[in-house]
Amino acid sequence: MSETENPFRYTAALAGEIELRWQRYWAENGTFHAPNPVGELADPTHPRAGAPKLHVQDMFPYPSGAGLHVGHPLGYIGTDSYTRYQRMAGFNVLHPMGFDAFGLPAEQYAVQTGTHPAVTTAANVERYRQQLRRLGLAYDERRSFSTTDPEYYRWTQWIFLQVFNSWFDPEAGKARPIDELIAEYESGARGPEWASMSPAQRRKVIDDHRLAYVSEAPVNWCPGLGTVLANEEVTPDGRSERGNFPVFQRSLKQWMMRITAYGDRLVDDLDSLDWPEPVKLMQRNWIGRSRGAHVDFPIGDEHIRVFTTRPDTLFGATYMVLAPEHELVARIVPGAWPAGTHEKWTGGAATPAEAVAAYRAAAAAKTEEERTADGKVKTGVFTGAYAVNPVNGAEVPVFVADYVLAGYGTGAIMAVPAHDERDFAFATVFELPVIRTVEAPEGFEGAWVGDGRAINSGFLNGLAKDEAKAAMIAWLEEHGKGAGATTYRLRDWLFSRQRYWGEPFPIVYDETGLPVALPESMLPVELPDVDDFSPRTFDPDDADSEPETPLSRKKDWVQVELDLGDGPKTYTRETNTMPQWAGSCWYELRYLDPHNDKALVDPANEAYWMGPRSERDPGGVDLYVGGVEHAVLHLLYARFWHKVLFDLGHVSSFEPFRKLFNQGYIQAYAFRDARGVIVPAEEVVERDGKWYYGDQQVTREYGKMGKSLKNVVTPDEMCEQYGADTFRVYEMAMGPLDVSRPWETRAVVGSQRFLQRVWRLVVDEETGAVRPMDGELDPKTRKVLHRVIAGVREDMDELRFNTAIAKLIELTNTLTPLPSVSREAIEPLVLMLSPFAPHLAEELWSRLGHEGTLAYADFPKADPAQLVADSITYPVQVNGKVRGRVEVAPDTPEADVRAQALAAVAEALAGREPKKVIVVKGRLVSVVV
RNA sequence: GUCCCCGUAGACCAAUCGGCAGAGUCGAUGGACUCAAAAUCCAUUCAGUGUGGGUUCGAAUCCCACCGGGGACACCA
């Protein structure tokens with residue numbers, strides 16, 4: 001075996017020994033502790049105390065029972081490499097890691113295994129910690145926590161109380177303490193009714209203003225999961241994102257958070273963030289802000305209020321549509337069809353009432369999916385009623401149609417077929433008139449939605465689109481027929497879940513049935529131990545089932561005697577729990593001051609790590625790395641909470657994450673045999689471009705790594721076979737961090753060979769001795785060294801780890817064949833390698849005679865003098881083809897380069913006179929004849 | 001259907017402002033070492049940039065159309 005020949009070769013076994021040793025060293029010496037400005041974690045003696053800060057974070061994991069596969073740590077290794085580099089470059093680096101351990105999956109896993117979620121969660125977290133430690137990730141372990149720690153969720157509950165105890169002041173555009181609202185009512189500033197109200201009535205009025213409130217409203221009930229879900233957790237086809245169960249609309253009493261109040265700021269502040277455009281776009285789409293107007297169309301003694309983004313086209317409104325669920329529908333239907341009703345409008349029914357009833361029943365029976373199915377022909381039915389267009393008094397027929405959604409705007413529209421494609425399609429089916437009110441290009445057919453001058457529009461005629469909108473809104477407001485308005489697609493956040501494994505609400509109910517906030521002194525409200533933590537499960541299709549909270553079964557916990565200031569009384573506890581998102585809504589703040597029991601974070605620590613750098617700067621985490629799947633859910637909720645905390649003065653940053661980076665995924669091949677059964681990918685071999693499992697041919701597919709696809713590769717295996725450093729280098733070298741790519745175990749050896757070559761530069765494989773380092777570095781190699789240093793720094797700053805590693809390999813390959821080794825090149829190489837292969841680098845650094853860790857050594861700097869080339873070779877093109885080359889000194893004047901170039905291609909020119917000669921400095925010369 | 005991103009050697013990926021298509025890795029092939037093999041080392045191989053146009057002295061890079069892959073949105077008035 002090789003061990004006997006080269007006993008000191010850098011093998012997986014040796015790597016493992018080195019890695020465990022340095023991991024122990026780092027832990028024992030607290031190498032990666034980052035000092036805070038104030039408090040328990042302050043340390044003025046720390047080498048980076050008072051240095052410029054850098055706060056880098058990964059989206060923390062949910063610790064699943066399956067443990068990590070090689071795809072999971074990709075982002076973690078990326079941020080680890082980046083922060084190790086920046087620490088050496090002089091920054092005080094905060095790079096923490098925690099665990100998102102509450103929530104449905106933890107509970108489901110516990111139910112499956114029959115163990116208490118607290119037990120399985122703790123075990124899973126421990127397993128994750130060990131796996132991450134084995135990879136040498138440089139976290140400040142003092143700042144690690146799980147969202148399930150009572151000391152952590154105490155502050156999650158505290159934030160809930162902040163939200164509960166505040167209201168959104170539309171004048172100020174921000175949240176204010178609820179006491180200030182109560183004071184306004186008590187002063188009479190909000191009308192005289194207050195004085196005559198009972199205490200319970202007053203509480204109801206106040207409760208209706210809170211940012212966290214209880215409401216009875218249609219919500220997403222998912223019997224398969226036994227809980228209600230937020231809109232964000234329901235897929236467009238009406239199923240649960242987790243588990244893919246059917247979701248039904250049920251009117252239920254639930255906790256909501258008034259995220260809609262922040263709709264404008266959540267949209268506007270996206271502009272201040274350094275985030276990938278697709279994520280910003282998804283948030284904008286989700287919030288769905290549209291500006292336009294509300295317009296009232298009189299109908300009998302009532303009116304239909306519509307929302308439109310095109311008030312400028314009001315003169316072209318030739319009919320109206322109500323959503324089938326619209327409450328006005330039943331009231332406006334007359335007893336008989338008006339004389340002369342178009343036969344296509346009646347749906348074949350004898351009376352409007354029958355027609356409408358049949359249509360509503362049909363609409364109700366359809367799923368969301370069927371209603372919005374692609375390419376669907378517009379359907380609808382005439383209500384028999386006419387409303388009046390408020391601008392011109394024209395009578396317009398009112399239809400019911402399911403292309404108008406009850407949940408958006410007012411659930412009613414004015415239809416302008418000339419300038420809206422949906423209305424046009426409907427008008428075509430029902431043969432409704434089309435009146436053009438915006439000038440369209442010559443010969444245009446269909447619905448013109450572009451710009452143009454207003455026509456057929458009375459006082460708007462001649463105005464451009466935007467002018468016409470403004471003019472119409474002004475007219476509507478002046479005549480009391482409508483008003484400018486903004487609507488949002490965003491709905492308030494449904495915040496309660498009927499599950500066990502979540503944060504309990506710090507809320508009790510008194511005899512009025514109204515919620516009472518517990519005082520801060522009673523936090524945390526600990527999740528009680530129960531015998532039966534599993535949710536009440538239902539037939540996934542049973543829409544009529546009723547949610548039941550596991551905590552409600554624990555009667556002795558639910559009934560509680562408390563003294564909340566007016567003597568001991570019996571209260572009933574809230575038995576819902578918070579959604580999984582609660583814990584991850586603010587964890588970036590807790591890392592800053594993890595053990596503070598006076599505040600969720602000391603303001604000085606928050607200002608240092610996350611505060612704005614300038615007036616317009618949003619503040620927040622300097623780099624936040626995670627998958628794009630959280631584009632809406634987590635990132636929207638976290639922004640919302642952060643803004644509430646900002647408004648109430650608890651944080652100085654108004655956004656939690658200044659820069660966001662979406663890492664790609666490591667994917668894998670999976671193989672199926674002839675029966676379509678997945679076979680273990682590990683045992684499949686390739687022959688002549690085909691794949692075989694044993695001797696049977698199998699087909700290959702590409703996708704996720706997962707147990708069911710039998711293609712999981714774990715970091716543990718990689719550490720065993722190659723060592724953690726090789727694994728880290730491979731993951732970083734295989735491509736840019738934001739690109740998804742296939743895992744290929746057999747290619748990992750390339751990274752191992754690289755590290756072996758570096759090792760060999762320093763250590764004699766036969767004797768284990770450090771090689772002599774007295775070699776002189778020749779000038780040419782020195783230039784390579786400095787070019788690599790400059791390039792690596794640039795790449796590291798831009799998170800281009802793959803090209804940085806390529807440059808390190810290039811340097812290594814330059815040094816390997818040299819007859820003697822030089823410290824001048826070896827030491828910078830070791831330092832530059834350390835962000836990727838920290839254990840190996842530490843080991844070599846110490847063998848090179850240095851004391852302690854290199855984590856705070858200066859990252860090499862290039863000498864600018866060494867970056868200047870001795871000479872430049874210009875390729876000379878004639879009519880686009882390279883016909884010659886000239887080598888000149890770097891400072892050769894352009895005219896000389898030109899002359900030499902022309903001389904070099906004289907033969908190719910064959911006496912022809914150049915029409916044009918282009919000299920691109922430092923690049924090439926192009927001659928045109 | 002609309003919008004966005006991406007197509008470069010057999011595979012993964014480089015290529016700064018439009019300037020010689022190749023930094024790096026795997027694989028394959030050959031060689032060194034070995035009794036032999038593994039490991040290691042050395043060397044070689046391979047694309048003209050998805051397709052077709054256009055702009056330009058010059059295009060992987062810019063523009064247009066199409067093909068293929070991925071993503072977002074999809075009756076939001």
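To find a chain, count down the sequence lines: A is the first, B the second, and so on, and within it residues start at 1. None of these values were measured; they are calculated from a predicted model.
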Salt bridge or not between E894(A) and K921(A)? Use side-chain N to carboxylate O under 4.0 Å.
no
Take the protein atom CZ of R787(A) and the nucleotide atom P of G24(B), then report the distance between them rounded to whole Å.
10 Å
By the 4.0 Å heavy-atom rule, please label R489(A) as base, sugar-phosphate, or nothing.
base
Roughly how many Å is it from CG in L815(A) to P in C41(B), rounded to a whole number?
15 Å
Inter-nucleotide C1' distance (A59(B), C3(B)), Å rounded:
26 Å
Atom pair distance, as rounded to whole Å: CD in E765(A) and P in U40(B):
10 Å
Touch check for S740(A), heavy atoms < 4.0 angstrom, all strands: base, sugar-phosphate only, or nothing?
sugar-phosphate
Expressed in whole Å, how much space separates the P atoms belonging to C6(B) and A14(B)?
12 Å
With R757(A) as partner, the option from N813(A), T812(A), T816(A) fulfilling side-chain hydrogen bond (donor to acceptor under 3.5 Å, both in side chains) is N813(A)
So does R239(A) pair up with E233(A), basic N to acidic O under 4.0 Å?
no
For atom CG of N662(A) and atom P of C4(B), their distance in whole Å:
19 Å
Syn or anti for C33(B), taking syn as within 90° of 0?
anti
Tell which nucleotide pairs with U29(B), taking only Watson-Crick or G-U wobble pairs whose two distances are both under 3.5 angstrom.
A43(B)
Any donor-acceptor pair under 3.5 Å joining the side chain of R885(A) to the base of C20(B)?
yes
Determine the Euclidean distance between corresponding C1' atoms of U8(B) and U51(B); express it in Å to zero decimal places.
15 Å
Tell me whether G48(B) sits syn or anti, counting syn as a glycosidic angle within 90° of 0.
syn
Distance between C1' atoms of C46(B) and G30(B) (Å, rounded):
15 Å
Determine, stepwise, if the pair Y319(A) / F430(A) fulfils ring pair (Phe, Tyr, Trp, His ring centres under 6.0 Å).
CA-CA 11 Å; Y319(A) 67 101; F430(A) 291 90; 8.4 Å; no
If we call it a pair only when both distances are under 3.5 Å in a Watson-Crick or G-U wobble match, what pairs with C73(B)?
G1(B)
Could you measure between the two C1' atoms, the one in A23(B) and the one in C12(B), and give it in whole Å?
14 Å
I'd like the C1' distance from C13(B) over to A21(B), given in whole Å.
14 Å
Think K807(A) has a side-chain N or O under 4.0 angstrom from the OP1 or OP2 of A23(B)?
no
Does any nucleotide pair with G24(B) by Watson-Crick or G-U wobble geometry, both distances under 3.5 Å, and what is it?
C12(B)
Against the side chain of Q756(A), the closest entry in C42(B), U40(B), A77(B) is U40(B)
Please state whether the phosphate of A39(B), meaning OP1 or OP2, lies under 4.0 angstrom from any side-chain nitrogen or oxygen of R760(A).
no
Expressed as a whole number of angstroms, how long is the span from D420(A):CG to A77(B):P?
9 Å
Output yes when at least one side-chain N/O atom of N813(A) is less than 4.0 Å from OP1 or OP2 of C42(B), else no.
no
Can you tell me the pairing partner of A65(B) across any strand shown, Watson-Crick or G-U wobble, with both distances under 3.5 angstrom?
U51(B)
What distance, rounded to whole Å, do you find between the two C1' atoms, one in G70(B) and one in C26(B)?
25 Å
Looking at the base of C75(B), is there any donor atom on it, or on the side chain of K378(A), that sits under 3.5 Å from an acceptor on the other one?
yes
Using modelled atom types and a 3.5 Å cut-off, is there a donor and acceptor pairing between side-chain atoms of D492(A) and backbone atoms of I259(A)?
yes
Taking CD from Q752(A) and P from C41(B), how many angstroms apart are they, rounded to a whole number?
10 Å
Just by distance, do the side chain of R491(A) and the backbone of Y488(A) share a donor-acceptor pair under 3.5 Å?
yes
Does the side chain of N802(A) get closer than 4.0 angstrom to OP1 or OP2 of G24(B) through an N or O atom?
no
Determine the contact category for A806(A): base if any of its heavy atoms lies under 4.0 Å from a base atom, sugar-phosphate if only primed atoms, P, OP1 or OP2 are that close, otherwise nothing.
base
Does Q877(A) reach a base, just sugar-phosphate, or nothing at all? Heavy atoms under 4.0 Å.
base
Which part of the nucleic acid, if any, lies within contact of L281(A), taking any heavy atom under 4.0 Å across all strands shown: a base, the sugar-phosphate backbone alone, or nothing?
nothing
Return no unless some side-chain N or O of S290(A) is found under 4.0 Å from OP1 or OP2 of A77(B).
yes
Report yes if the distance between the aromatic ring centroids of F307(A) and H294(A) is under 6.0 Å, otherwise no.
yes
Taking only the P atom of each, what is the distance from A65(B) to U29(B) in whole angstrom?
46 Å
Could you list, one pair per line, each protein nitrogen or oxygen that sits under 3.5 Å from a nitrogen or oxygen of nucleotides 27-32 of chain B, together with the distance?
none

May I ask you to say whether R310(A) pairs ionically with D423(A), meaning some side-chain N is under 4.0 Å from a carboxylate O?
no
Cationic N near anionic O, under 4.0 Å, D451(A) to K465(A):
yes
Specify the residue among G407(A) and I809(A) whose closest nucleotide of RNA chain B lies further upstream toward the 5′ end.
I809(A)
Could you give the CD-to-P distance, from E277(A) to C5(B), as a whole number of Å?
10 Å
Can K469(A) and D312(A) be counted as an ion pair, charged N to O under 4.0 angstrom?
no
